Structure formats: C-alpha cells, structure tokens
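Because the structure is a prediction, the values reported are computed rather than measured.
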Amino acid sequence: MDISDLSAKLISVGIALSSVIDLNELLELILSKARELTNADAGTIYSVDGNHLVFLTSQNDTLEKRLGKEKVKDLFEQFSLSMDKRSVAGYVALTGKTLIIDDLYKNEEYDFCSYREWDRANGYYSKSMLVLPLKTPRNEVVGVLQLINAKQGEQIIPFKKEFLEPMRYFAAQAAVALVNAKLYQEIEEAHLDTLFRLGVAAEYRDKETASHIRRVGKMAVLLGKELGWMDETELYWAVAMHDVGKLGIPDVILQKPGPLTSEERKIMEKHTLIGGYILRNAKSSLLKQAQVVALTHHERYDGRGYPRGLKGEDIPLIGRIAAIVDVFDALSSKRVYKPPFSEREVERILLEEKGHHFDPLLVDILLDKWNSFWEIKKIEREEPEKELFLKDVSWEEIWQEIEVKNFYFLDRSKIGN
C-alpha cells in the first residue's frame, strides 16, 4: 500500500473505529486495521495502568498459519511490564514518541531480550518494528500500539518512514475510540454493579444471600440458551432482581421466624407490586425486563399465583423462567428454617408441579440440563450466615479497603484568594 492509498483508507477506518463500543471487539479491530494499513505480520496493544503497561491483545499471522488461531491466543497470556525507557513499549509510553526499528536484533539501544527469548521459544523472528503511542487530544498516553515485521510478499522489510504521519493520525483515532469504549464499559459495569447491590439489599433483609442472586441469574441464562434467548446479560440481571420489592416489606413480616398470618401473607405478596413500582418508567431495556420479572415471578402456570393470577402463556416467558429458577434454588439450598432438599426430592417436587406451578417446557429443559444446574450450585456456594459476617468484620477492615486517592481534601489556603 502506498502513501496515497493509506491516507484515503484512514477516513473509512476512523469511521469504523468510532462505531464500536465493545472493548474487546475494538482492540481486535484497532490491531487488525493497523496491521492492514502497514502490512504488518504481527502486533500487540498495551494499556497504560499507573506505572505499568498491561497487555491487552496480540495478533500474529505467521504463527496462526502454523499453529492455529486458538493456540496462538494461548501464547499471549495477560501480563504487565514496568514502564522503563530501556523497553521499547515503555519508552514510547513515557515519552509519547513514535519509534521505527529496522532490525531489533542489531539494535543495542533498547532491551530486546524478552523478544529474542520469545522468538526462540515459539520459532518466530521479530525484525522490523513500528511502535506508536496511543495519545488522547489532551496529549495523554493511554496505551501503546506495537507492530512487528512489515512484509512485502514473504520478505520482511522495514516499516516505511512516510507512513509515520498517517499512522500517528490513526493512533490518535484509536486512542479516542479506546477511551470512549473504556468509559462505556465502566458506565455499564457501574450500572450492573448498582443493580446487583440493589438486589443484594433486598435479599439481605430477608433470608437469602448474594449467592442466591448469582445462582438464579446463571440458571436463568442456562434456560434462556435452550430457548434461543438473545441477550444473556439482560436475562441474568433482570432475573437476579426478582425480589427487589422486598425492600418495601416491613421487617416484622419479612423476618418473622414462624408462619405468616393471612393478613401478613397479603402484605408479603405485595413485594411483587412494590418491585414493579420501584422499576416503573425505566428507560433501559434491562430494567423494563426486570420490572416484568418483579411483577410476575410468583405467577403460576395454572393461574393460581399472584398478584394477577395470570395463566399459562399469558405469563411473560421471563417471569416463568424466574419462577422456576427461584424455587429450584430455594428447594436445593439450606435456609434457617430448613435443610437443603436432596436431588431426588427436588426432582419429585418439580415433576409434581409441572403444568401447575411451572411451565412444562421449562421443567423438561431443567431436568435435561440437571447436572449443569447442580454445577451452578457447587460453584456459587452459600455465603456465611449474615450474623457471623457482621460479627467478624470490623470498621477498620472495611475502611482499609477504601483508597485514599479517591478522597477530596479541601485546601483551605485557597479559599478567598
């Protein structure tokens, strides 16, 4: 590719980068496009994290042809390295300068020992290199893009000097896209983390634990896969929030050790309506689905559930899924009022309630995936009793987890000046 072709292609590449918000997908796109623009055989992307460079992704055509894509991925395990000017990536990250190296085996200015060792171990020959800082418009280096072995046919050649400016422009585009994708990921993680903690708050007031939330979410996804459910993340979190309405139930009822009276039972059943009210007018699709779950996870297939007495297919599918995984987990778990039921006993109850409490199709799928459901139980084990947790954890232990760098300290000397 000549310089005019490269410049023309950068416009379409920039549009492509700006349209991707998934971080992993973006990293692969940045690296593949950079290699395509420079005809590089291989490449790596690092992210700046404090005083370290963290490996994010790598590609290598020569090794992929020889070993296959999956085996090559295994060669590049995640690692970090210190930002040191003796390493190429470290130098570029610290100085913000671009480097072109024609032959790293003949270069004595930088430390290439790790590259040579890796080459020997994997039967590769790293020769020419182009290393670009990923800089934001504020001139902050957020990562390093490292391209290896420019090729002309099968011959390894140096990277063309005239490609420097266009590739700096590409790196700037990539840096902005990378920052935006990370920001989007952080916002999404914060959103999901808030939902999880809201669910935990509801369960914490009752007899359940955070483990229960994770289990029913995973079990819902397991059922959803068999039903062709498209958005597994949405299904997981919507079902995990099924009992959010318990936040509005009085402790005297929610934590009563014995049976509830008929009046208390009516109040307890209102947690479905309270959950629906808490999640009303939600903008996100996930929260809209969570509202449906909150309202319908106690409906029964035979129409004898609450709050509306919906029957059969009139109950939204996500509500039917939530109903069966919630009961399955409750039956198979230890509670303060009962020991866990055996697998045989849980199976007997599910079969008895097939077509009554539960959608027959969901019962069949659950039984077909029986071992997978119990595997989730093993992975997400019960947490310690909440009373013991509160007894064992001190204020000092919690405080030590808080990072001082996140504090805002008032500089009174600047007030009034």
Side-chain angles (χ1 to χ4, degrees), residues 188-189 191-204 206-244 246 275 286 289-290 292-294 296-301 315-354 357-386 389:
E188 186 174 28
E189 287 174 353
H191 172 59
L192 296 178
D193 189 50
T194 301
L195 296 183
F196 177 72
R197 292 172 191 275
L198 183 61
V200 170
E203 302 291 3
Y204 193 83
D206 195 5
K207 309 174 185 70
E208 311 295 354
T209 65
S211 301
H212 171 67
I213 294 175
R214 289 190 289 267
R215 287 195 300 268
V216 296
K218 288 184 176 182
M219 291 173 185
V221 169
L222 194 55
L223 283 176
K225 283 181 178 178
E226 297 302 308
L227 297 165
W229 199 284
M230 297 298 292
D231 194 331
E232 293 179 4
T233 299
E234 186 174 88
L235 179 61
Y236 177 97
W237 289 104
V239 170
M241 294 183 68
H242 62 286
D243 274 339
V244 68
K246 287 182 178 178
L286 190 158
Q289 292 281 20
V292 173
V293 171
T296 63
H297 71 286
H298 280 292
E299 299 288 359
R300 290 172 52 103
Y301 200 76
I315 306 168
L317 177 58
I318 197 168
R320 283 177 269 151
I321 290 174
I324 193 169
V325 297
D326 187 29
V327 173
F328 174 87
D329 191 63
L331 293 173
S332 56
S333 299
K334 177 184 177 182
R335 294 293 180 260
V336 293
Y337 52 87
K338 75 166 188 68
F341 289 172
S342 67
E343 289 193 36
R344 180 173 294 182
E345 184 68 6
V346 174
E347 182 181 18
R348 181 188 66 77
I349 294 171
L350 289 175
L351 288 172
E352 283 183 358
E353 292 296 332
K354 180 178 179 180
H357 194 150
F358 309 120
D359 182 334
L361 175 61
L362 297 185
V363 173
D364 290 341
I365 294 173
L366 194 156
L367 294 176
D368 185 57
K369 297 293 179 180
W370 190 250
N371 291 338
S372 298
F373 275 82
W374 286 95
E375 188 63 28
I376 291 173
K377 296 288 297 185
K378 292 177 184 177
I379 294 171
E380 296 290 349
R381 295 181 182 278
E382 289 294 337
E383 296 167 343
E385 294 293 330
K386 290 189 282 284
F389 170 78

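With hydrogens and angles disregarded, a donor-acceptor distance shorter than 3.5 Å links the side chain of R320 to the backbone of I315. Although no hydrogens or angles enter the test, the distance criterion places no donor-acceptor pair under 3.5 Å between the side chain of D243 and the main chain of K246. With S342 contributing its side chain and E345 its backbone, the two residues share a donor-acceptor pair below 3.5 Å.
Note that OH of Y236 is 14.0 Å distant from CG of D231, once rounded to the nearest 0.5 Å. To the nearest 0.5 Å, the span separating CZ on R215 from CD1 on I376 amounts to 10.0 Å. Summarising the geometry, atom CG belonging to D326 is positioned 3.5 Å from atom NE2 belonging to H242; distances are rounded to the nearest 0.5 Å. One finds the CG atom of L223 at 6.0 Å from the CG atom of L362 (value rounded to the nearest 0.5 Å). Between the CD1 atom in I365 and the CG atom in D368 there is a gap of 8.0 Å [rounded to 0.5 Å]. Here the straight-line distance linking atom CD of E226 with atom CG of L361 works out to 10.0 Å at 0.5 Å rounding.
Not counting sequence neighbours, W229 has no partner by the ring-ring contact (aromatic ring centres under 6.0 Å, His included) test. Remark: E232 pairs with no residue by the salt bridge (Lys or Arg N to Asp or Glu O under 4.0 Å) rule, at least two apart or across chains.
Considering all non-hydrogen atoms of both residues, V293 and A322 come closest at CG1-CB, 3.7 Å. The two residues V325 and A220 come nearest to each other via the heavy atoms CG1-N, 3.9 Å. Between I213 and A240 the shortest heavy-atom distance is CG2-CB, 3.3 Å. Taking every heavy atom of both residues into account, A290 and A238 meet most closely at N-CB, 3.7 Å.
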side-chain contact (heavy atoms from CB on, under 4.5 Å) between W374 and S332, worked out: CA-CA 9 Å; W374 286 95; S332 56; 3.5 Å; yes
Take M230 and L235 through the side-chain contact (heavy atoms from CB on, under 4.5 Å) test and state the conclusion after the steps. CA-CA 9 Å; M230 297 298 292; L235 179 61; over 6 Å; no
Would K354 and D359 satisfy salt bridge (Lys or Arg N to Asp or Glu O under 4.0 Å), going step by step from the backbone distance to the final call? CA-CA 6 Å; K354 180 178 179 180; D359 182 334; over 6 Å; no
Check the pair V221 / K225 against side-chain contact (heavy atoms from CB on, under 4.5 Å), numbers first and verdict last. CA-CA 6 Å; V221 169; K225 283 181 178 178; 4.1 Å; yes
side-chain contact (heavy atoms from CB on, under 4.5 Å) between L222 and L366: does it pass, once the steps are laid out? CA-CA 9 Å; L222 194 55; L366 194 156; over 6 Å; no
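With respect to L351, the side-chain contact (heavy atoms from CB on, under 4.5 Å) criterion is satisfied by exactly one of E347, E353, R348: E347.
Put simply, the side chain of I379 reaches to within 4.5 Å of the side chain of K218, judged on heavy atoms. No side-chain heavy atom of K377 sits under 4.5 Å from any side-chain heavy atom of P340.
For the residue pair W370 and E343, a side-chain donor N or O sits within less than 3.5 Å of a side-chain acceptor on the partner.
Separation of the H298 and H357 ring centroids does not fall under the 6.0 Å cut-off.
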